[in-house]
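Worksheet: one structure, shown below.
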Amino acid sequence: MSRVTITRGLSDLRGRTDLRGAAGRVRNPGGGRKKIADVNPGMSRRLKDIVEETTAGDPMSPLKWTAKSTRTIAGELTRLGHPISSVTVGRCLDEMGYTLQANVKSREGSRNPNRDAQFRYLNRQVKGFRRAGDPVISVDTKKKELV
């Protein structure tokens, strides 16, 4: 800090008995860093687009999450021209109602290289049916093993 700033602060402290302003605040309203959505309005739409295709959760509850990490999402947004940190992505996801979930896989198996493409295809199909007003049924199945 500069000496002038310290001197000015000391004189403010000596001249006041109550440090709070008219609104009962120490700082004036409007101070501090602005919200990312206000500074970069297109970022929120891009964030929704990125997490939408990998959103998961129980359709009967408001709990939802995404399979992508906050670092991966931050990297994608930065490549799209919206520089943002993974911490800010986490905060934005929280404001959108997402929870941060760790990926847990109980049994390892061979992974299909087209898995992401399959889920994107299914997501496009679901959107098309919902736009048309048709119902969508989600069925989770497991591969049967011969005993």
Side-chain angles (χ1 to χ4, degrees), residues 1-6 8-10 12-13 19-147:
M1 288 183 143
S2 75
R3 187 168 213 58
V4 174
T5 303
I6 294 171
R8 192 177 301 150
L10 286 172
D12 284 351
L13 289 173
L19 295 178
R20 289 175 293 195
R25 300 170 53 132
V26 174
R27 295 182 182 197
N28 291 329
R33 194 174 283 187
K34 305 297 180 228
K35 289 192 176 276
I36 188 81
D38 297 338
V39 176
N40 190 346
M43 189 278 311
S44 294
R45 182 69 232 152
R46 292 287 188 151
L47 177 60
K48 285 178 188 172
D49 291 342
I50 289 171
V51 298
E52 191 175 69
E53 57 187 30
T54 59
T55 295
D58 180 1
M60 301 307 287
S61 89
L63 180 66
K64 58 184 176 180
W65 62 90
T66 180
K68 293 186 177 185
S69 71
T70 55
R71 289 178 194 270
T72 302
I73 296 169
E76 287 186 38
L77 284 168
T78 300
R79 279 190 296 283
L80 292 171
H82 302 282
I84 189 170
S85 73
S86 61
V87 174
T88 306
V89 167
R91 190 170 42 250
C92 291
L93 288 174
D94 183 53
E95 290 171 3
M96 291 168 57
Y98 282 79
T99 60
L100 299 177
Q101 303 283 328
N103 290 334
V104 177
K105 195 169 185 180
S106 59
R107 199 176 80 198
E108 289 295 324
S110 62
R111 181 174 169 157
N112 185 339
N114 296 325
R115 188 168 192 264
D116 287 338
Q118 290 171 354
F119 280 106
R120 284 191 186 97
Y121 170 77
L122 290 173
N123 191 38
R124 284 192 306 271
Q125 292 293 104
V126 166
K127 284 181 183 178
F129 280 106
R130 292 188 76 187
R131 267 195 303 270
D134 294 329
V136 176
I137 300 172
S138 174
V139 179
D140 186 11
T141 63
K142 302 292 180 206
K143 184 167 65 170
K144 290 190 175 192
E145 295 183 28
L146 297 174
V147 180

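The figures here come from the full heavy-atom set of this structure, side chains too, leaving out hydrogens, waters and symmetry mates.
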Shortest non-hydrogen pair, S85 vs A74, comes out as C-CB, 3.9 Å

Side chains of L47 and I84 in contact at under 4.5 Å (non-hydrogen atoms): no

Sequence neighbours excluded, the answer for side chain to side chain donor-acceptor pair (under 3.5 Å) partners of E95 is none

Salt bridge (charged side-chain N to carboxylate O under 4.0 Å, His left out) filter on R130, not counting sequence neighbours, yields none

Interatomic distance, OG1@T78 vs CE@M43, rounded to 0.5 Å, equals 10.5 Å

Subject >> Verdict with supporting geometry, V136 and Q125, side chain to side chain contact (heavy atoms under 4.5 Å, CB included) >> reply: CA-CA 9 Å; V136 176; Q125 292 293 104; over 6 Å; no

E76 side chain reached by K68 side chain, heavy atoms, under 4.5 Å:
yes

So OG1 of T5 and CG of L10: to nearest 0.5 Å the spacing works out to 11.0 Å

Minimal heavy-atom distance between D38 and P41, with the atoms involved, is O-CD, 4.1 Å

K127 meets the side chain to side chain donor-acceptor pair (under 3.5 Å) criterion, sequence neighbours left out, with E52

Residue set satisfying side chain to side chain donor-acceptor pair (under 3.5 Å) with N40, at least two apart, ordered chain then number -> H82

- Query: Is any side-chain heavy atom of T70 less than 4.5 Å from a side-chain heavy atom of V87?
  - Reply: no

Neighbour count >12 (heavy atoms, 6.0 Å) for atom CZ, R8: no

Exercise. Side-chain contact test, heavy atoms from C-beta onward, threshold under 4.5 Å: evaluate it for R33 versus V39 and give yes or no.
Key: no

Taken in chain and number order and not counting sequence neighbours, the residues that satisfy side chain to side chain donor-acceptor pair (under 3.5 Å) with S44 are none

Sequence neighbours excluded, the answer for salt bridge (charged side-chain N to carboxylate O under 4.0 Å, His left out) partners of D94 is none

Measure the shortest side-chain to side-chain distance between I50 and T66 over non-hydrogen atoms and say whether it is less than 4.5 angstrom. no

